[in-house]
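Side chains are part of it too, since the values below use all heavy atoms of this structure and drop only hydrogens, waters and symmetry mates.
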Amino acid sequence: MRRIKSALLVTVLTCGLVVTPVFAEPSVDDLKKDKEAAQSEVDSLQSELTDLLSKISQLEGDLISKGQEITQAEEDLAAAQEKEEEQYEAMKLRIKFMYEEGDTSALETLVSAKDFSDLVNKAEYVQNVHSYDRKMLEEYVATKQQVQDLKSTLETEMDNLEDM
C-alpha cells in the first residue's frame, strides 16, 4: 500500500510539472502595439480636453455678453419705470384739474360761444384737449407695455444666464 501511495504521489507530481504553463516575456511587437494603443488614447483625450477648453472659453464670452445685455436691460427697465411714473403723475394732475374745475362738457363749452369765431376757437380748444388727453393715455399704456416687456425680457435673460 505504501508503494501504491508513493507511485501515485510521483505520478501526480509529474503530471503537475507537465501541465504548468510557461510564461514568456512579451515580444517587442506586442509592446509596440500596446504603446501605440496608449498613445492613441492619450491623443484622443488631449483632443477632447482641447475641445472642452474651447467650449469653456466660448461660454465665458457668452456669459460676459449676456451680462452686458442684462445690465442694459436693467437700465432700460429703470428708465421706462421712471417714465411710467412721470406719466402717471401727469395723468393724476389732469384728472384732479378736471375734478376741481368741474366737468363741463364739450357741448356746454360750444353753446356758451358768443359768436362764430368764438365757437370755432372753442371747438378747436375742445378738440385739442381731447386729442392731448387721448395721446397722453396712449403713451401711458404704451409705456406700461414697454415696462412689462422689459421685465419679461430681463427675466428670460436671467434664466438663460443661469442655464449657461
Kindly compute the distance separating OG1 (T71) from CG (L154), expressed to the nearest 0.5 Å.
-> 9.5 Å

Give, for atom CD of E84 and atom CG of L77, the distance between the pair rounded to the nearest 0.5 Å.
-> 9.5 Å

Yes or no on salt bridge (Lys or Arg N to Asp or Glu O under 4.0 Å) for E69 and K66, after CA distance, side-chain angles and deciding distance?
-> CA-CA 5 Å; E69 288 176 16; K66 283 292 180 195; 3.6 Å; yes

Could you check if a side-chain atom of S131 sits within less than 4.5 angstrom of a side-chain atom of K135, using non-hydrogen atoms only?
-> no

Side chains of L45 and L49: closer than 4.5 Å at any heavy-atom pair?
-> no

Quick check: are there more than 12 heavy atoms from other residues, nucleotides or ligands sitting under 6.0 Å from CE of M158?
-> no

Working for side chain to side chain contact (heavy atoms under 4.5 Å, CB included), residues K35 and K32 | CA-CA 5 Å; K35 181 182 174 186; K32 284 183 181 178; 5.6 Å; no

Distance in Å, K144 NZ paired with K83 NZ, rounded so as to fall on 0.5 Å steps | 14.0 Å

Do the side chains of M136 and R94 get nearer than 4.5 Å, heavy atoms only?
-> no

Please walk me through it: do E60 and K55 pass side chain to side chain contact (heavy atoms under 4.5 Å, CB included)?
-> CA-CA 9 Å; E60 287 174 346; K55 286 180 182 178; over 6 Å; no

Any side-chain donor paired with an acceptor under 3.5 Å for Q87 and T143?
-> yes

Short side-chain to backbone donor-acceptor contact, T50 and Q46, under 3.5 Å | yes

With a 4.5 Å heavy-atom cut-off, do N128 and E124 have their side chains touching?
-> yes

Give, for atom CD of E74 and atom CD of E157, the distance between the pair rounded to the nearest 0.5 Å.
-> 11.0 Å

Q148 and S152: side chain donor to acceptor below 3.5 Å = no

So, does T153 use its side chain to make a donor-acceptor pair with the main chain of D149 at under 3.5 Å?
-> yes

Honestly curious: do V129 and Y132 fall in one hydrophobic cluster under the side-chain, below-4.5 Å linking rule?
-> no

Is there a chain of hydrophobic side chains (I, L, V, M, F, W, Y, each step under 4.5 Å between heavy atoms) that links L150 to Y140?
-> no

What is the distance from atom CD of E48 to atom CG of L52, rounded to the nearest 0.5 Å?
-> 7.0 Å

Would you say the side chain of Q81 lies within less than 4.5 Å of the side chain of K151, judging by non-hydrogen atoms?
-> yes

Step through the shown structure and confirm whether more than 12 heavy atoms of other residues, nucleotides or ligands are within 6.0 Å of CD on E89.
-> yes

Distance from I56 atom CD1 to D51 atom CG, nearest 0.5 Å?
-> 11.0 Å

